[in-house]
Amino acid sequence: MLSFRYAPGLSVLFILLGTVTAQAPVFGQCGGTGFTGPTTCAAGSTCVEQNSFFFQCLPTSQAPAPTTSAAGSAPTSLSAIPTSTLHQITNFGTNPNNVGMFVYKPAKLQAKPPLIVASHFCTGTAQIYFEGSKFAQLAETFGYLLLFPSSPHPDLCWDVSSSETLTHNGGSDSLSIANAARFALANWGVDPERVFAVGTSSGAMMTSVLAGAYPDIFKAGVVDSGVAFGCFSSTGPLDTFNEVCASGHVIMTGQQWAQLVFNAFPGFTGTRPKIQAWHGTVDTTVFVQNFFEQIKQWTTVFGYPSTPISNVSEPFLPKGYSNATFGPNFQAILAQGVGHTVPLFEQQYLEFFGIA
Ligand SMILES: *[C@@H]1O[C@H](CO)[C@@H](O)[C@H](O)[C@H]1NC(C)=O
Ligand SMILES: *[C@@H]1O[C@H](CO)[C@@H](O)[C@H](O)[C@H]1NC(C)=O
């Protein structure tokens with residue numbers, strides 16, 4: 001991680017510009033809205049657009065853009081998974097609603113590889129999230145496995161509302177995803193200490209659900225523009241969009257929010273997954289109140305103070321982003337002036353997971 005935390009004075013800047021051709025380091029920022037630093041990358045890396053705010057120097061040795069390959073029963077060995085292609089798997093365990101499931105294995109894997117489950121937004125699919133993110137390209141650099149679930153529901157949202165999905169081994173979509181992760185652990189040599197979840201919008205909500213209901217499987221989650229665990233709770237159709245929650249009108253105490261998490265898996269006494277939440281202040285789909293409700297929930301679950309121990313802007317994030325840390329296991333990044341959704345910052349997620 002970059003640790004360049006001071007703003008150089010004008011004279012320092014002048015000297016730097018006067019003496020060297022500035023180059024951004026590997027994984028450094030090299031462009032994006034409002035960025036004024038170097039736009040050429042250090043040798044061996046290329047400037048890649050991550051999103052309109054953030055271009056990043058990534059190692060040039062990355063595999064070509066991945067493609068998809070045909071579906072098949074889930075391979076029972078790691079070597080049987082096709083390489084550098086989005087590959088659909090079936091028969092990975094009980095799958096109540098027939099959630100689609102895809103695996104991505106890079107050309108080079110770490111020994112005992114980490115696994116990241118990446119869940120798409122409403123109207124999305126596994127394929128769309130795969131193509132619209134850098135998770136697969138970065139897997140080629142860092143050697144982790146990916147699972148991309150795909151929603152079986154009409155609006156292509158996730159069931160983050162039923163009591164089944166909100167309960168450990170209760171059924172519905174969260175059980176299918178948990179079972180795919182269990183299959184990977186049982187058959188592909190995945191490191192049980194490095195199983196992670198990430199998602200955007202409905203996929204962020206699913207990430208909270210997985211963190212809350214399957215803390216025995218998932219060790220960390222990144223929630224991009226989502227809600228607190230249980231906020232979408234409803235008895236409507238499985239992929240109900242809970243307007244009351246989304247509009248920021250489900251307000252509870254930290255204790256009440258934490259109780260929903262505890263009730264999801266009564267008797268669980270292990271370590272809960274670390275959480276990193278991201279949200280935009282002008283989100284009009286999932287209002288920013290949901291960011292503050294998540295803070296109440298997870299700080300209570302972790303027994304952290306409700307105010308951050310640090311809250312800073314980071315040199316590698318756009319202006320207006322603040323990174324509030326409440327303790328080692330919970331960070332909340334608020335993006336001023338950003339709507340639905342906060343753009344992906346895959347590199348930061350990987351650092352949070354301890355992969356990059
Ligand atoms: C962090 O600071 C920013 C502005 O400085 C503020 O808008 C934001 O609410 C703070 N975050 C938290 C979680 O308190
Ligand atoms: C937020 O701050 C913490 C503590 O300094 C740091 O470990 C973490 O990487 C930061 N997160 C982001 C996304 O910048």
For this session: Please confirm whether F130 and Y104 have ring centers closer than 6.0 angstrom.
Result: yes
Exercise. At their closest point, which heavy atom of V195 faces which heavy atom of A181, and how far apart are they?
Worked result: CG1-CB, 4.5 Å
Problem set entry | Within residues 94-204 or reaching into it, pairs that qualify as disulfide bond (SG atoms under 2.5 Å apart) - sequence neighbours excluded | C122-C157
Seminar exercise, completed: The remaining residues in the hydrophobic cluster of F287, counting side-chain heavy-atom contacts under 4.5 Å among Ile, Leu, Val, Met, Phe, Trp and Tyr, are none
Problem set entry | ILVMFWY cluster membership beyond F268 - transitive side-chain contacts under 4.5 angstrom | F265
For this session: Determine whether H120 and T200 make a side-chain contact, defined as any pair of heavy atoms from C-beta on separated by less than 4.5 Å.
Result: no
Problem set entry | Of all pairs that satisfy disulfide bond (SG atoms under 2.5 Å apart), the ones with a partner from residues 231-277, not counting sequence neighbours | C231-C245
Exercise. With sequence neighbours left out, what residues match T167 under side-chain contact (heavy atoms from CB on, under 4.5 Å)?
Worked result: none
Problem set entry | side-chain hydrogen bond (donor to acceptor under 3.5 Å, both in side chains) pairs, two or more places apart, involving residues 177-199 | Q110-R194, N169-R182, N179-R182, D191-R194
For this session: Applying ring pair (Phe, Tyr, Trp, His ring centres under 6.0 Å), name anything that partners F302, two or more places apart in sequence or on another chain.
Result: Y304
Exercise. Taking only residues two or more places apart in sequence or in another chain, which ones pass side-chain contact (heavy atoms from CB on, under 4.5 Å) with A186?
Worked result: none
Problem set entry | Side-chain donor-acceptor pair present, H153, D239, cut-off under 3.5 Å | no
Exercise. Looking at T40 and A22, what are the two nearest heavy atoms and their distance?
Worked result: OG1-O, 3.4 Å
For this session: Taking the six-membered ring for Trp and the full ring for Phe, Tyr or His, determine whether the centres of F326 and F330 are under 6.0 Å apart.
Result: yes
Exercise. Can you list the residues that meet the side-chain contact (heavy atoms from CB on, under 4.5 Å) rule with V282, with sequence neighbours excluded?
Worked result: none
For this session: Quick one: which residue pairs count as a salt bridge (Lys or Arg N to Asp or Glu O under 4.0 Å) with a foot in residues 207-234, not counting sequence neighbours?
Result: none
Exercise. What residues form a salt bridge (charged side-chain N to carboxylate O under 4.0 Å, His left out) with E164, not counting sequence neighbours?
Worked result: none
Exercise. Between the side chains of E140 and S84, does any donor sit under 3.5 Å from an acceptor?
Worked result: yes
Exercise. With sequence neighbours left out, which residue pairs that include part of residues 250-268 fulfil the side-chain hydrogen bond (donor to acceptor under 3.5 Å, both in side chains) condition?
Worked result: T253-Q256, W257-E293, Q259-N263
